[in-house]
K.L.:
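Can you keep this structure in mind? I'll have questions shortly.
Only this structure's heavy atoms are used, side chains among them; waters, hydrogens and symmetry mates stay out. The chains referred to below are lettered A, B, ... by the order of the sequence lines, with proteins before strands, and numbering in each begins at 1.
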Amino acid sequence: MRTSWADLAANSAAENAAPDSSANNVGAGSTLAPTRPVYVPPHLRNRQPSAESPAPAYGGPSSGTGSSSGAGNSGSRWAAPRNDYRSGHGGSGGGGGGGRTGGWGNRSGGWDRGREREVNPFGDEDNAEEAFSELENTGINFDAYEDIPVETSGENVPPPVNTFAEIDLGEALNQNIRRCKYVKPTPVQRHAIPISLGGRDLMACAQTGSGKTAAFCFPIISGIMRGQPVQRPPRGVRTVYPLALVLSPTRELSMQIHEEARKFSYQTGVRVVVAYGGAPINQQLRDLERGVDILVATPGRLVDLLERARVSLQMIRYLALDEADRMLDMGFEPQIRKIVEQMDMPPPGVRQTMLFSATFPKEIQRLASDFLSNYIFLAVGRVGSSTDLIIQRVEYVQESDKRSHLMDLLHAQRANGVQGKQALTLVFVETKKGADSLEHWLCLNGFPATTIHGDRSQQERELALRSFKSGNTPILVATDVAARGLDIPHVAHVVNFDLPNDIDDYVHRIGRTGRAGKKGLATAFFNDNNSSLARALADLMQEANQEVPAWLSRYAARSFGGRNRRSGGRFGSRDFRREGSFSRGGSDYYNAGNSSGGGYGGSGGYTGGYGPGVTSAWD
DNA sequence: AAAAAAG
């Protein structure tokens with residue numbers, strides 16, 4: 001065992017010494033010098049390496065299940081032809097930077113040393129987390145998944161699957177699915193996974209909490225495992241060539257995705273590395289050097305790594321954008337375009353691209369279509385009903401009364417709380433300064449609070465989140481940095497102390513509660529400053545079968561709508577490609593009569609109702 | 001206008 005790995009290391013060093021120009025000589029299938037490193041496909045990396053037949057032995061007989069859990073004994077099924085992400089490879093427009101596609105076929109630099117130290121991601125949970133996860137995995141209402149409305153559009157949409165078993169993900173991945181206690185796929189998984197496995201690009205609208213992380217991770221991991229080994233051009237000694245890139249808009253969300261992806265890829269040999277700002281780059285560089293198949297990153301740090309030439313996107317086969325609408329809004333778009341279009345990433349059609357978000361305004365869809373090729377649009381309603389799970393309230397509160405009003409809520413909540421403990425309450429404010437000052441004031445008044453926002457150090461941010469999750473500090477005051485994607489179990493109450501200007505942000509914020517099948521409460525403080533949101537808010541609540549205060553309806557009637565008209569619909573915005581050709585204006589193609597465009601509500605919707613919001617335990 | 005993301 002050791003000898004082979006020692007060889008790999010030695011060969012790797014040899015490769016590093018090779019002149020750059022050698023890249024031109026390693027066409028697909030050409031024989032390489034015997035001293036070059038042997039590529040070990042990810043799914044074989046946990047086995048005892050055998051001296052012969054390094055690469056193509058997919059799912060070979062269970063010769064080496066030497067390490068604990070049988071990675072890859074699914075036998076001949078793995079010999080099936082993979083879904084080739086670039087069928088026209090030789091002449092297909094060249095990968096990214098141009099001209100360097102020569103070596104895509106075979107073998108690679110081996111960076112497989114050190115893999116034996118893989119930490120069991122299922123073993124190192126927080127204790128608090130563990131206690132909860134028991135509860136977590138019981139009360140799932142699977143029946144609620146049966147009639148989730150789903151809409152797909154695009155050419156030749158692969159049919160959905162009903163079980164994980166009928167998807168050929170491979171034994172190692174299946175085992176991780178069991179470890180995660182996933183029993184059956186969520187709706188977004190049922191649809192998205194076959195689409196991705198079929199090699200298709202995807203734009204998916206699905207609520208966080210609907211299992212979308214797994215929906216894009218499973219096909220990526222599986223695809224990397226079954227994929228042909230690739231040649232990593234020896235461009236620079238320390239440059240790494242990930243095969244998949246997952247981008248997310250906040251550091252904490254990247255961390256969360258990384259943690260999940262690590263679980264899914266445990267003992268598959270597929271390596272996941274995370275890179276984000278605010279943390280020392282050195283550890284991240286070391287992680288990268290140990291090898292990376294899937295890179296999870298925030299845009300800023302990734303650009304840094306690209307500019308230092310520590311990462312190349314040349315070999316990217318899979319690109320996933322989480323919270324894609326956020327990634328493409330005004331603040332982020334240039335950075336994303338730089339990464340996706342101006343570095344060395346293969347173009348659409350060569351790589352496979354997946355975009356996920358709970359909200360997808362059609363202007364953003366238009367931007368996003370630049371990144372996609374012949375994609376499938378998927379809209380999945382939420383599980384169950386927000387009527388059941390998230391109760392939304394709006395209260396008219398003057399600016400000057402907000403603090404005392406919040407205090408009243410917190411007092412009442414504490415009185416009702418179990419064992420006198422304060423239920424987890426997430427308070428959203430507009431500004432970072434406002435967050436600090438509200439936190440300070442809450443603490444002064446006997447409510448243990450902490451805060452998370454972009455002016456805090458990364459260490460402080462992570463501490464705040466942990467402290468909140470553990471219940472140590474049951475009140476978290478946050479800016480929109482915490483609005484999206486974060487899975488914080490057991491948030492009982494989301495308070496919109498300051499309402500956002502954009503209804504989509506409201507949707508994301510309240511989605512932090514009512515998760516994992518638990519009930520949630522969302523309270524908003526509304527006053528004249530928020531009048532531009534009145535219409536959208538009233539519509540949204542109406543569609544979710546929430547009680548809309550009469551005063552809010554009056555505001556809504558008076559308001560001029562503005563940018564918040566929600567023309568595109570809410571959850572699972574409609575595919576903008578169809579909108580153009582069929583129905584313009586407000587009336588919608590999928591659902592005549594739901595003219596306010598909402599997918600949010602209970603009655604309209606694609607196949608009889610965009611199941612109003614709910615969540616699964618699987619995110 | 002604010003927030004996020006590089007240092």
K.L.:
Taking only side-chain N and O atoms of A/R251, does any of them lie within less than 4.0 angstrom of OP1 or OP2 on B/dA5?
P.N.:
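Answer yes for this pair, as a side-chain N or O of A/R251 is under 4.0 Å from OP1 or OP2.
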K.L.:
Under 3.5 Å, is there a donor on one side chain and an acceptor on the other for A/H493 and A/T513?
P.N.:
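No - no donor-acceptor pair under 3.5 Å links their side chains.
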K.L.:
For B/dA4, take OP1 and OP2 only and decide whether either is under 4.0 Å from a side-chain N or O of A/K432.
P.N.:
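So the side chain of A/K432 is within the cut-off, an N or O lying under 4.0 Å from OP1 or OP2 of B/dA4.
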K.L.:
As a test of reading the structure: which of B/dA5, B/dA2, B/dA4 is closest to the side chain of A/H453, going by heavy atoms?
P.N.:
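For A/H453, the side-chain atoms sit closest to B/dA4.
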K.L.:
Could you tell me whether A/Q283 atom CD has more than 12 heavy atoms of other residues or ligands within 6.0 Å of it?
P.N.:
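Yes, CD of A/Q283 has more than 12 neighbouring heavy atoms, counting only those of other groups under 6.0 Å.
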K.L.:
In whole angstroms, how far is the P atom of B/dA4 from the CZ atom of A/F332?
P.N.:
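One finds 10 Å between P of B/dA4 and CZ of A/F332, rounded.
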K.L.:
Using a heavy-atom cut-off of 4.0 Å across all strands, would you classify A/R461 as base, sugar-phosphate, or nothing?
P.N.:
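Answer is sugar-phosphate: A/R461 comes under 4.0 Å of backbone atoms only.
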K.L.:
B/dA4 phosphate, OP1 or OP2: any side-chain N/O from A/T479 under 4.0 angstrom?
P.N.:
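Yes, because at least one side-chain N or O of A/T479 sits under 4.0 Å from OP1 or OP2 of B/dA4.
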K.L.:
I'd like to know if A/N501 reaches the base of B/dA1 with its side chain such that a donor and an acceptor end up less than 3.5 angstrom apart.
P.N.:
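Yes, the side chain and the base share a sub-3.5 Å donor-acceptor pair.
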K.L.:
From CG of A/D455 over to C1' of B/dA5, roughly how many Å is that when rounded to an integer?
P.N.:
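It works out to 13 Å between those atoms.
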K.L.:
Can a donor-acceptor pair be found between the side chains of A/S254 and A/T298 at a distance below 3.5 Å?
P.N.:
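Side-chain D/A pair, A/S254 to A/T298: absent.
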K.L.:
What is the separation between atom CG on A/L302 and atom C1' on B/dA4, rounded to the nearest whole Å?
P.N.:
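Computing the A/L302:CG to B/dA4:C1' distance gives 16 Å.
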K.L.:
Whole-Å distance between B/dA4 P and A/E252 CD?
P.N.:
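In whole Å, B/dA4 P and A/E252 CD are 10 Å from each other.
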K.L.:
Taking the ring of A/F428 and the ring of A/F497, is the distance between their centroids below 6.0 Å?
P.N.:
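No: the rings miss the under 6.0 Å criterion.
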K.L.:
Within this structure, what is the CG-to-P distance between A/D436 and B/dA2, rounded to whole angstrom?
P.N.:
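In whole Å, B/dA2 P and A/D436 CG are 16 Å from each other.
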K.L.:
Using a cut-off of 4.0 Å on non-hydrogen atoms, how would the nucleic acid contact of A/Q335 be classed: base, sugar-phosphate, or nothing?
P.N.:
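Since a base atom lies under 4.0 Å of A/Q335, the category is base.
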K.L.:
In whole angstroms, how far is the P atom of B/dA2 from the CZ atom of A/R509?
P.N.:
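In whole Å, B/dA2 P lies 15 Å from A/R509 CZ.
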K.L.:
I need the CZ-P distance between A/R484 and B/dA5, as an integer number of Å.
P.N.:
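It works out to 13 Å between those atoms.
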K.L.:
Just to be sure I understand the rule, does A/G331 reach a base, reach only the sugar-phosphate, or reach nothing, if contact means heavy atoms closer than 4.0 Å?
P.N.:
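Result for A/G331 = base.
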K.L.:
Should we say atom CZ of A/R403 is surrounded by more than 12 heavy atoms from elsewhere, each under 6.0 Å from it?
P.N.:
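Enclosed: over 12 neighbouring heavy atoms sit under 6.0 Å from CZ of A/R403.
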K.L.:
B/dA4 P sits how many Å from A/R456 CZ, rounded?
P.N.:
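In whole Å, B/dA4 P lies 12 Å from A/R456 CZ.
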